[in-house]
Number of protein chains: 2
Amino acid sequence: MAVTDEAIEKIKGMIVSGALRPGDRLPKESELAAALGLSRNSLREAVRALSLIRILDVRQGDGTYVTSLDPQLLLEALSFVVDFHRDDTVLEFLAVRRILEPAATAMAAARISEQQLDVLAGQLDRLGDAPSVEELVAGDLEFHRGIVQTSGNSVLCSLLDGLSGPTTRARVWRGLTQEDAVSRTLHEHRAILAALRDRDAEAARSWATAHIASVEQWLRASL
Amino acid sequence: MAVTDEAIEKIKGMIVSGALRPGDRLPKESELAAALGLSRNSLREAVRALSLIRILDVRQGDGTYVTSLDPQLLLEALSFVVDFHRDDTVLEFLAVRRILEPAATAMAAARISEQQLDVLAGQLDRLGDAPSVEELVAGDLEFHRGIVQTSGNSVLCSLLDGLSGPTTRARVWRGLTQEDAVSRTLHEHRAILAALRDRDAEAARSWATAHIASVEQWLRASL
DNA sequence: GTCGTCCCAGACGTCCGACGTCTCACGTCA
DNA sequence: TGACGTGAGACGTCGGACGTCTGGGACGAC
């Protein structure tokens, strides 16, 4: 195994074992390199790799720190990876979202506050009846994220965020050319919101499932 | 933005745009560094980072290649990230698994072959009535993976693999000290298998849910 | 002709030393 | 007391040198 890979494993070990805790500062590069028995260049490759996936936070002129290691932060790296997938796997990602999002929406029904409901309603109102594709994609993202965030499970929230981030969603909408796609989407969003306001978890789950299923159906037909 | 980060973005762009396709070989480090306008050292940091998340495959003495970019491969990096999460987030991961796994198990009911059913049954038989904790963890992993793989969705499969890989599962079992945990788990596995053999998707889903819920319950009580 | 072996060009792996750039903290001065 | 300048120290980048490994071609035995 290359010394750089060893260094990655050792740094990982120091964090997992608790020797390095979230927020801790690492020894400076030259010292850590000496301690791990490799050159500064090779160590930097290890640090850079761990920094890409948000394990470490490198600040020029200051030092290198362990991040908070929050699920939200670590799963951010997921969207980076998801960007690489080819178009022909979009349907598989959508199928996973179809499993997760209805569950998250149902969980939100019991927890969402009146204030948050009003915020979501305001979003939909501002979007109007005939938004542009860019506005719709942004609004769609914001709407679902707002709901999922109140599910109370940060892992679930981050996972959905990563799986259906801006890039994926844009790819989906690029494939949706049907006339009534926009109006049906807006209608379904309002139905989900109404179910949440009624605290009806099952209705919310069903509307969320139907919402994603219809997107899936359109997409399957247009591929 | 640092030159290394720029290099990461440029290489990502080359892949996403299709200029570099899965399996393609990159120019040698010195040439690519010159083309991107940075030193070989800095370029290596970028390549190393992309290699950690399985975007690139570096072979000493040969060259650097784009991987297959299969969901299965890319989501492998997920388990690396999951290893860093603290114990207090295990329940959140388990809650997500409780959403995904029943769905995957239900999907498998319609697709699993008689041969695969026999393989799973053989696994359970070999495990016996009183396996060690290590054997049980390994068997548990193998059993669920065998089912999920027949769901037909590689993204779903890889995601579950990453979320509940060896490390996470070992952490869960470490917390399970109750006497009847082992026998109840084995019983539930057999129930899931019976439902699959009956092609009863709803029964399979319910048993999978109950199975994870009981693990969740034990874990919550023992934390 | 086929197969196995040897050898080497070429690519990645590692290291060193130097210098640039940025932060933070400290001390100065109004 | 506050703003400002300055310097030590950390990361950022570079070029070159050498080590290590792989793949493929040349060569010879069968």
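Each chain gets a letter, A, B and so on, in the order the sequences are listed, and its residues count up from 1.
Checked by atom type and distance alone, the side chain of A/E135 pairs as donor or acceptor with a backbone atom of A/S132 at under 3.5 Å.
Counting heavy atoms from C-beta on, the side chains of A/I112 and A/L120 come closer than 4.5 Å. Looking at heavy atoms from C-beta onward, B/L78 lies out of side-chain contact with B/D161 at the 4.5 angstrom threshold.
Annotation: A/R59, atom CZ; neighbour count of heavy atoms from other residues, nucleotides and ligands within 6.0 Å is above 12.
Regarding A/E29, its CD atom lies at a distance of 14 Å from the C1' atom of C/dT21, rounded to whole Å. In this structure, A/E45 atom CD and C/dT14 atom C1' are separated by 9 Å, rounded to whole Å. In this structure, the CG atom of B/N41 is 9 Å from the C1' atom of C/dC15, given to the nearest Å.
Across every non-hydrogen atom of B/A108 and B/I147, the tightest pair is CB-O, 3.5 Å. In terms of heavy-atom proximity, A/L91 sits nearest to A/E216 at CD2-CG, 4.0 Å. What you find for A/S164 and A/L141 is that their closest heavy atoms are O-CD1, 3.5 Å.
Residue order along DNA chain D, read from the 5' end via each residue's closest nucleotide, puts B/G37 first among B/G37 and B/R59. Nearest-nucleotide positions on DNA chain C for A/S39 and B/E31 put B/E31 closer to the 5' end.
The pair A/R48-B/D5 meets the salt-bridge criterion, with a side-chain N (NZ, NE, NH1 or NH2) lying under 4.0 Å from an Asp/Glu carboxylate O. A salt bridge links B/D70 and A/R86; the closest N-O separation between the charged side-chain nitrogens and carboxylate oxygens is under 4.0 Å.
Across all strands shown, B/R40 has heavy atoms under 4.0 Å from base atoms, whether or not it also approaches the sugar-phosphate. As judged by a 4.0 angstrom heavy-atom cut-off over every strand, A/R44 is placed among the base-contacting residues.
Aromatic ring orientation, A/H211 versus A/H144: parallel (interplanar angle below 30°, classes split at 30° and 60°).
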| task | Could you check B/S154 against A/E92 for side chain to side chain donor-acceptor pair (under 3.5 Å), going step by step and ending with a plain yes or no? | result | CA-CA 7 Å; B/S154 62; A/E92 291 199 357; 2.7 Å; yes

Nucleotide N/O of nucleotides 8-10 of chain C paired with protein N/O under 3.5 Å:
residue, atom, partner, partner atom, Å
C/dG10, N2, B/G61, O, 3.3

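DNA chain D is contacted by B/A2, B/V3, B/T4 of residues 2-11 of chain B, taking any non-hydrogen atom closer than 4.0 Å.
Taking the 5' to 3' direction, DNA chain D first and last meets chain A under 4.0 angstrom from a heavy atom at D/dG9 to D/dG15.
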